[in-house]
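Report on the following structure.
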2 protein chains.
Amino acid sequence: MSREQIVTGAADMIRRRGLNATSIREVAKHAGTPLGSTYHYFPGGKNQLATEAVQWAADTVQKVLAAKLRKGPAEGLKAFFALWRQIVTDSDFQAGCPVLAVSVEETTSAEALAAAAGAFRTWSGQLADSLEEHGVAKHRAQSLAQLVVAAAEGAVAMCRAQRSIEPLDNVAAELTALIEART
Amino acid sequence: MSREQIVTGAADMIRRRGLNATSIREVAKHAGTPLGSTYHYFPGGKNQLATEAVQWAADTVQKVLAAKLRKGPAEGLKAFFALWRQIVTDSDFQAGCPVLAVSVEETTSAEALAAAAGAFRTWSGQLADSLEEHGVAKHRAQSLAQLVVAAAEGAVAMCRAQRSIEPLDNVAAELTALIEART
DNA sequence: GCTATCCTATGACGAGCGTTATAGCCAGAG
DNA sequence: CTCTGGCTATAACGCTCGTCATAGGATAGC
């Protein structure tokens, strides 16, 4: 279905250039669909498209996380970082996280920003639940989970700026040690 | 001098809206200077202005960090997080870090991106040096310092999306405990 | 008072943006 | 075969963007 291609294409462009630099015309071209179709599928315009793109990215990560966390928090954490590592390296340091990109632009639609907030809450919530199940106190589990998400997002951006995967790998190693010591 | 006002104003707008949504016209208006002056002071156009804005922000943080790190890594870390906390809360969750904003937009000029990379390297380098002086092994010091910078940047973005200061405070608490345990 | 230098003021350029409108196509139901 | 409804195609709207050019004004040194 071409509607889905538009959403995933939009997510990919937001990941790279940010929301403001992602134009509907280019998303349509990139998806091989005419501009008119975009407004047919997304009558809410750019707001709606951006919101759905963020939600799609959030869901994708959420599914990976849910699957890997069944083997414990440490495995989930590894998968989380491996996922970002692949995105950064496969794109030659040109792609990052669309959720972060939306969070950083005030101009953004309120709905897309809310979707971004939901993504952060979902991911850190999944991690926190897993930590709690493995004996970490509730509040501590939440703090650690937020640390993981924040550090991963920040490290991805650092890697892009520095054109080096080193920050992400270092951060992953530090957090792996920290999590494994607590569980 | 009005040149400086243009740079700081640009940094403030990039902090809030990102680089792409920051137009030279609005920067000039915000600084109370005519549009023509912008190209007089910055013949390199938007690239040059963005680069100087990033450098200005980087220097500002670097100075605070240098001053506080003299009292030890833990004090530096506290000041680092306090600085971001103030920016986020004073702006009612609308402002973040211009360095991160530039790092997330591929469209960005290569020079501004290089300035962003320099900022990350400077900040984490300062922290790493301080940790090393207080007995942390060289490589470990670097990892920890990168973790701190990445987590702070990511946490600021999370706070903006969620309109809550909680992630930043939780991350600061976790990292303070981690750093104090190692020094 | 005169002139050279820095800054201002104003407007124009081509391009791209989000969005809307309208007319045409084309499959599948009756 | 016809008709209907989902999708395409195309063009236009008002707007803002980055950039450049050119003319005007002030101010400092002589």
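By convention in this document, chain letters (A, B, ...) are assigned in the order of the sequence lines, proteins followed by strands, and residues within each chain are numbered from 1. Computed over heavy atoms, backbone and side chain alike; hydrogens, waters and symmetry mates excluded.
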>> A:Arg25: which residues meet the salt bridge (charged side-chain N to carboxylate O under 4.0 Å, His left out) condition with it, sequence neighbours left out?
In response: none
With sequence neighbours left out, what residues match [X] under side chain to side chain donor-acceptor pair (under 3.5 Å)?
| X | value |
| --- | --- |
| A:Glu105 | A:Asn20 |
| A:Asp129 | none |
| B:Arg16 | B:Asp12 |

>> Could you tell me how far apart A:Phe42 (CZ) and C:dG18 (P) are, to the nearest whole angstrom?
In response: 14 Å
> How close or far is atom P of C:dG16 from atom CZ of A:Arg17, stated in whole angstroms?
Replying inline: 12 Å
Name each donor-acceptor pair under 3.5 Å that joins a side chain in residues 62-84 of chain A to protein atoms two or more places apart or in another chain, with its distance.
none

>> Counting primed atoms plus P, OP1 and OP2 as sugar-phosphate and everything else as base, spell out the protein contacts along nucleotides 15-28 of chain D at 4.0 Å heavy-atom distance: B, S or - for each nucleotide, 5' to 3'.
In response: --BBB---------
